[in-house]
Each structure stands twice: as C-alpha cells, then as structure tokens.
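One structure below.
Small disclaimer: the values here were computed from a predicted structure and weren't measured.
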Amino acid sequence: MYKSLLRTAALQARIQIIRSSHTKKTNGKRKPKSEAMETGYDFNRRWTPVGYQPRVRAPPKSSTFKLVSYNILAQDLLLEHLFLYVGIPQEFLSWRRRQQNLQRELIKLDPDILCLQEMQFDHLGLLVQGLRMGNGKRLAYVYKKKTGHRTDGCAIVYDSSKFQLLDHRAVELHDQEVALLNRENVALFAKFRFKKKQDEEKEFVVATTHLLYNPKRDDVRCAQVGRILEELHSFSTDTPIVLTGDFNSLKNSSPIELLIEKGDEVESEVNPAPLRFELIDPGEGTASTYQNNWITVDYILRSLGSRSRHKLLPISVYSLPSINRCSSVGQIPNHYLGSDHYALGAIFTVV
C-alpha cells in the first residue's frame, strides 16, 4: 500500500517535472535570494595530495592531466524511478535545472578528461557545448549507449587541444552466449597520446563503465568485470590504464577484489601477467551515493604491473564528502548538485 502511494505521488510529480522542463519563464524578475544558487556550496571538498610526490620538482604540466568521473543520473531513469526521489522539490529534478548545476560544478572542477555514466544520448551534445563555452577548451567526446532500448550510456569527454585520440572501443557487456551477461550494461575505452612534442610518446588508456545495480547479483558484476578485463587486455597492450565508473559494488566486494587481486600467474612472453589495479583512495568514511545508506560504489583505479612502457602516478585526489557531511546535507539532487551521486576526481602524471 505504501509503495503504491509513493508511485502515485511519483507519477503526479513526474507530470509536473516534465511540464516545468518545457515551461519558459514569463517574466524577468530575479529569484529571491533564498533560492539563488550558492556558488561556494562545495561541502568543503578539496584536492588532497596523494601517492607520488616528487621531492625535487613538480612533474611537467604537459604530461599531467586532471580526470573526473561522474554518474550524472539520466533524466529518463530519474522519471522511471521517481519514487526514489520523493521529498526532493520538483524544481531540482527537472533536467534544465540539473544540467545547469552539473555544468557549473564541472566547469569549476575543470577536468582535462571527463568520464560520465548515465549520460543520456540526446542530452550529451548540449551538455558538452555548455562545458566548452564555460572553460574555453576544445572538447571532443566518444560515447556508447546501453544495449537495447535504454537511452543512457557512458561517455568520455576530453580536451582535444591537449590529447590526440588514437583509438577507442565500445564494449557490450551483454552476451547471449553467457548466462550471467544478459544485462544491458556497457563499457567504453579510449587511448590517448599527449600532443606536446616532448611527451608525444606517452600514451595511456581511459576506461569507464556502469555495472549492474541489483545489490544481490555480485555474480553478474563479477562476470561483467571479467569481460572488461578481457577487452582491456587486448586494447591496452603496453599502455597504462585509468579505469573509472559506477561499479555498484562496495570496496570489499567480489567485483572490486577481482580488479585488485594480485593473481598467481607467472608472467612470460607467452603468458603475460593479468591486469590488476589499485584503487585511488577517495578518503576514509566517505560516500559517493545513497542506497538505503550512504555508501561508496564509484571508483577511480589505475593499472599496475610491468606490461606498460609508462606508468600513471597519482598526484592528487578529489576526496569524497564524509558520511556525516552527506547525512547533514540530505537528499541529492538538491539546489546545487545535479545528480544523486558525487563526482570523483584524480590528477595523474605519466612517467
């Protein structure tokens, strides 16, 4: 009965959100100060030094890049599951308002490479255009929509004045021949080279994905991780990898352990060492989203091992907000944040 009432309320709210998304302003009056956007509303999040810290001199900016990963909440999914957002004012759930909030936040973060999950295909062009106008970079992107009828997918947006896109691969995690791979999830890979002459030999791969949500199906997520690792192994060859996304998995879960396990195989020319990764620590007691509790399911990882000619070394991380802070802020999206996830970020140098 309670769920039925929630869904009825959600349906009514859905109609209002769709109407408000298409309603133009009828006057030029300024919004009351209480409704104005607060540009400093950042939950005290900071870029914190981590990992590799050169003692003599800073790494050259030409071979350093800032990466941000963000599940931005597709509008079609929001409307389909609107009962999850009961209690949030409708104005904060319209795509027009959320797009404004997302663009403001991303322009402030100013990444060189942006990995997006739940990116609705018909919203991508205008979102990138807004970012391009905001930060003045020459932005380009690659995109992979989910399998089947879903309208969202994964995108990798990059500064084409800094990087040359060498190759990209869209990966279907749906496989009719494998029982566990019967979901619509996808992954997206892109291989880059720095354009500066002194760094043009330095190549790296950026990969992003969004795994199955169902909390009870770690087995499916493990199968999806296995397929991603297979594809990355052939795509990256001797190139270091940054892997990002919404893994819908806790830090100590089987899918994440599968990514970071050391493995027992012996490396040789015939049998190269399997890919393994290291989590870029988002901070202790932090959270990236709310799923019955404030938890972290979004991650940035870097590849380890000897198969790469170059290494990706983390310099700084954009730490997630603490669980206490998330609890005090309450439900998201809100008047400043455009998604029901928090963005992650890391700065890397290639050596």
Q) Strictly by modelled atom types, are Q117 and D246 linked by a side-chain donor-acceptor pair under 3.5 Å? A) no
Q.
Could you tell me if the side chain of F277 sits less than 4.5 Å from the side chain of L229, heavy atoms only?
A. yes
Q) So do V186 and H210 actually touch side chain to side chain, heavy atoms under 4.5 Å? A) no
Q.
Is it the case that atom NZ in K196 sees more than 12 heavy atoms from other parts of the structure closer than 6.0 Å?
A. no
Q: Report yes or no: do S161 and D159 form a side-chain donor-acceptor pair below 3.5 Å?
A: yes
Q) With a cut-off of 6.0 Å (strictly less than), are more than 12 heavy atoms of other residues, nucleotides or ligands near CD of E201? A) no
Q: Ignoring hydrogens and angles, state whether a donor on the side chain of D218 or S253 is under 3.5 Å from an acceptor on the partner side chain.
A: no
Q: State which residue, out of V242, L232, L243, fulfils the side chain to side chain contact (heavy atoms under 4.5 Å, CB included) condition with V205.
A: L232
Q) Do Q291 and Y213 have a side chain donor and acceptor closer than 3.5 Å? A) no
**Q.** The single option from K144, K146, R227 passing side-chain hydrogen bond (donor to acceptor under 3.5 Å, both in side chains) against E172
**A.** K144
**Q.** K162 atom NZ, neighbour heavy-atom count above 12 within 6.0 Å
**A.** yes
Q: Would you check if the distance from the ring center of F65 to the ring center of Y158 is below 6.0 Å?
A: no
Q | Sole candidate of E80, E118, R98 that passes side-chain hydrogen bond (donor to acceptor under 3.5 Å, both in side chains) when paired with Q75 | A | R98
**Q.** With R169 via side chain to side chain donor-acceptor pair (under 3.5 Å) - residues at least two apart
**A.** E231, S234
Q. Does D340 have any side chain to side chain donor-acceptor pair (under 3.5 Å) partners at least two apart in sequence or in another chain, and if so, which?
A. Y85
Q. Looking only at side chains, do T208 and T244 share a donor and an acceptor under 3.5 Å apart?
A. yes
Q) Side chains of L337 and Y342: does their closest heavy-atom pair fall under 4.5 Å? A) yes
Q) Looking at the rings of F204 and F163, which for Trp means the six-membered one, are their centres under 6.0 Å apart? A) yes
**Q.** Those residues that, when tested against T239, pass side chain to side chain donor-acceptor pair (under 3.5 Å) (two or more places apart)
**A.** none
